[in-house]
Amino acid sequence: MTRRQIHLAAHFPGVNNTTVWTDPDAGSQIDFDSFAYFARTAERGLFDYLFLAEGLRLREHRGQLHDLDVAGRPNTLAILSALAAATEHIGLVGTLNTTFNEPYELARQLGTLDLLSNGRAGWNAVTSSDAFHGANFRRGGYLDHADRYVRAAEFASLSKALWSSWRDDAVVADAETGAFLREDAIARVRHESRLFDVDAVFDVPRSPQGRPVIVQAGDSPDGRDFATEHADVIFSLHTEFADAQQFYRDVKGRLAAHGRDEDSLKILPAVTFVLGDTAEEARERSREIALAQVRPQTAITYLEQIWNRDLSGYDADGPLPEVEPDTGVETAQGFAGRHAAIRARVSQLRAQADAEHLSIRELVIRLTAKHTFVGTPEHVASEIDRYVQERATDGFTVVGHVTPHGLDEFADRVVPLLQERGSYRRSYDEGATLHDLLGLPPVADRVAVS
Amino acid sequence: MPDRIHLAVALDGAGWHPAAWREATARPTELTSPAYWRDLARTADGAGLLLATIEDALSLGGRSVEPDAETRRDRARGRLDAVLLASFLAPVTRRLGLVPTATTTHPEPFHLATGLQTLDHASRGRAGVRLVAGSTPQERANFGRRSEGPTGLPASGRVEDDPALLAAFREVGEVADVIRRLADSWEDDAIVRDLTSGKFLDRDRVHKVSFEGEFFSVTGASIVPRSPQGQPLITALAHQTVPYRFAAQHADLVFVTPSDAAAVGGIRNELAEASDAVREIDEPLRVFADLLVLVEDTPDEAAAVWARLEERAALTTDARVVVGTADDLVEEIRALADAAVDGVRLRPARLPADLDAIVDRVVPRAAAAGILFPDDGAPTLRERLGLPRRASRYARQEVGA
Ligand SMILES: Cc1cc2nc3c(=O)[nH]c(=O)nc-3n(C[C@H](O)[C@H](O)[C@H](O)COP(=O)(O)O)c2cc1C
């Protein structure tokens with residue numbers, strides 16, 4: 001029996017504390033060269049896709065811009081389009097919100113990216129809808145929390161209808177007769193609901209992969225339902241082995257209800273890695289990196305975002321604050337935090353700190369900078385392979401911690417070992433689309449046009 | 001000795017003539033392919049043209065308000081989002097300014113602004129935009145966000161006689177304003193990476209734009225740090241008083257459509273008057289004249305090709321049409337240069353054929369005749385146009401405070 005094949009995505013180091021800017025080798029997070037370098041490294045490592053997160057407003061902390069971590073990033077679609085010209089094989093997946101975009105426009109932009117990249121585009125559909133981000137948009141923060149996934153699902157259906165509204169062979173361009181388009185080349189797309197009233201004729205031809213790959217990141221039951229109905233990939237946070245297996249079974253079990261088979265939805269949790277020549281060396285590096293990721297001030301700031309209070313008087317190396325959180329006004333701006341959950345969150349953190357005897361800083365390291373795979377390249381490769389062979393995941397979204405060199409070691413030292421195990425590709429197939437790279441079923445011509 | 005000018009090119013589909021896609025030199029099945037656009041952009045880039053504009057619209061029928069615009073099968077159809085196409089072209093070109101068209105009625109100004117800043121980063125300072133006011137009924141149906149809006153020019157042909165068009169111009173003004181404010185929101189040196197204080201960012205050098213307009217509001221700073229040009233080059237196409245006023249108030253460069261060189265003076269006067277009244281920017285507005293061009297080796301060949309195209313589909317155009325040899329076109333350009341425009345934007349009737357002719361035959365002759373600004377190596381599009389990099393308005397405020 002052939003081994004289950006590992007799928008890997010490469011997460012460009014983001015604008016939070018996991019990206020270490022204090023490293024002497026840390027480069028610009030905005031220069032195009034950084035993106036091109038990172039994308040080419042991922043392509044050298046034969047990754048399925050490059051992944052970009054999104055943040056539509058600069059993070060704030062207690063009413064002021066957050067100034068400790070990397071801040072500032074490019075527009076997702078524009079940088080991916082530029083990368084389409086600088087790469088050849090790798091998929092290009094952007095996180096793009098369903099609340100602060102319109103289906104016709106976003107479908108058109110993703111359709112454009114898909115054509116410019118010869119079928120390598122993907123869309124991580126996220127649903128954040130809070131008024132903080134909404135303040136930068138025409139829409140404002142208008143969307144009820146309960147409607148987030150309603151809009152997301154309708155947005156995805158409508159986008160799919162637009163992408164499949166052109167026949168694959170729509171363009172005949174017959175110079176003799178003067179017929180540019182075939183009869184019946186383009187179907188009109190109608191969608192009328194409480195949230196949308198669209199009567200559209202799409203203007204972007206179909207791409208070689210039929211439509212962009214759809215990724216979902218979000219964990220609630222609503223999120224899982226959205227994913228099992230609409231997504232091709234789930235970007236999860238379930239990385240502990242048993243938990244990952246359970247999540248995998250839960251999600252894959254929901255697919256049959258939508259007439260889908262197991263292979264039509266890949267699960268690629270986010271992981272970090274630290275390598276060393278020996279296990280001991282890897283542990284030491286992991287410790288150094290975690291301390292760089294969570295400096296004392298970062299740890300206090302992290303708690304302040306949950307407590308919604310000034311905690312600057314506390315020692316990061318001491319115990320958790322005894323004061324209660326302030327739940328009076330909106331908190332945790334720039335994060336997907338929610339009022340009701342704050343108290344529960346605080347008692348959960350206290351319980352964890354007590355049980356494991358953690359200081360503030362150690363707790364925050366556990367929460368935000370715990371590295372998933374730490375060890376020799378052999379160890380990391382064998383762990384990755386085990387997760388996939390034993391159906392805990394279909395692969396991983398690898399998050400590097402330095403821009404732009406964060407993937408170098410992985411490509412050079414881990415990938416060859418995965419290849420030796422027979423569970424990873426040795427080359428890209430010529431002309432492969434992102435659907436092809438992910439081993440997803442092909443998209444049917446002309447589906448679901450209402 | 002004529003005044004020196006810049007040459008620009010306007011790229012759109014198979015060219016500006018509706019029958020262009022049927023010519024043997026056309027590549028009609030590739031109009032939305034990366035190879036086609038890479039070839040066009042590299043051709044323009046290699047010839048040293050100042051900038052290329054890329055047309056766009058948010059409906060299959062383009063900006064046409066004809067009821068059958070979306071259903072007719074005889075026109076080249078299908079397009080790519082111009083801002084993203086320009087971004088794709090950034091890494092494959094070196095000097096060429098990239099000026100996508102953007103419609104302002106439906107898209108989020110914040111997304112548009114960050115897209116242009118990113119284009120400026122990816123192209124190392126070659127980003128511009130052509131802002132378009134208003135929407136067609138077809139575009140509105142595609143979006144389903146607004147039902148009200150302009151239905152075309154009013155019977156008088158004048159924008160000021162249609163309240164919906166006037167509103168569209170107020171809205172495009174707000175979009176231009178927000179693009180500039182967001183571009184200014186990060187000062188140049190806002191990223192400090194200070195190991196001593198542990199701060200990546202100097203938060204005093206990143207500013208909320210706090211824009212409250214008639215049509216939308218934007219609160220925060222941009223998510224994109226300041227780009228090489230500071231602000232992308234804002235351009236507009238204008239034919240009459242209201243658009244002239246918009247350009248005078250908000251644009252760095254305006255494309256105009258004089259019926260001939262003699263008509264340039266009147267347009268310049270109108271623009272100058274509007275600038276005196278409303279211009280918010282220190283630098284003078286750059287004025288480029290548009291010509292729609294078809295170039296062949298002999299006048300007879302050019303006329304024959306034109307006749308063939310017109311028989312297949314009649315062109316309607318706002319710009320002066322020049323059908324002839326490279327020498328004929330150079331004469332037209334010289335006349336416009338003498339009329340003191342800053343540049344000429346050529347709209348090729350056929351792509352790639354007329355772009356190739358421009359690059360191979362027109363540019364060298366115009367250069368030899370001393371009409372063109374030689375490329376002085378200035379690194380950004382603004383600087384090539386003689387426009388300084390603009391300091392952030394927020395930095396200025398602070399100095400004054
Ligand atoms: C792994 C992961 C990555 C995410 N990345 C982003 C992101 O880049 N930008 C964003 O706005 N939201 C992001 N989200 C937030 C989700 O889109 C969603 O709004 C949030 O998880 C709440 O949905 P849920 O209740 O289904 O979990 C991410 C969520 C997860 C789990």
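First the proteins, then the strands, lettered A, B, ... as listed; each starts at 1. Given the structure is predicted, the values throughout are model-derived calculations rather than measurements.
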Problem set entry | Ion pair check, A:R108 and B:D56, cut-off under 4.0 Å | yes
Exercise. Is it true that B:R145 and A:E105 have a side-chain N and a carboxylate O under 4.0 angstrom from each other?
Worked result: no
With a 4.5 angstrom heavy-atom cut-off, is it the side chain or the backbone of [X] that approaches chain B, or both, or neither?
X      : value
A:E176 : backbone
A:Q297 : side chain
A:R73  : both
A:A26  : both
A:L56  : both
A:D69  : backbone
A:F35  : neither
A:Q109 : both
A:T177 : backbone
A:R182 : backbone

Checking heavy atoms, do the side chain of [X], its backbone, both or neither come under 4.5 Å from chain A?
X      : answer
B:S197 : backbone
B:S123 : neither
B:R38  : neither
B:H106 : backbone
B:W186 : side chain
B:R77  : both
B:S33  : neither
B:A57  : backbone
B:L85  : both
B:D202 : neither
B:I191 : side chain

For this session: Return the minimal non-hydrogen interatomic distance between B:N142 and A:V198, and the atom names on each side.
Result: O-CG1, 3.3 Å
Exercise. Which pair of non-hydrogen atoms, one from B:G198 and one from A:L68, has the smallest distance, and what is that distance?
Worked result: O-CD2, 3.6 Å
Exercise. So B:F110 and A:F137, would you call those rings parallel, tilted or perpendicular, with 30° and 60° as cut-offs?
Worked result: perpendicular
For this session: Determine yes or no for a side-chain-to-main-chain donor-acceptor pair under 3.5 angstrom, with A:R138 supplying the side chain and B:P107 the backbone.
Result: yes
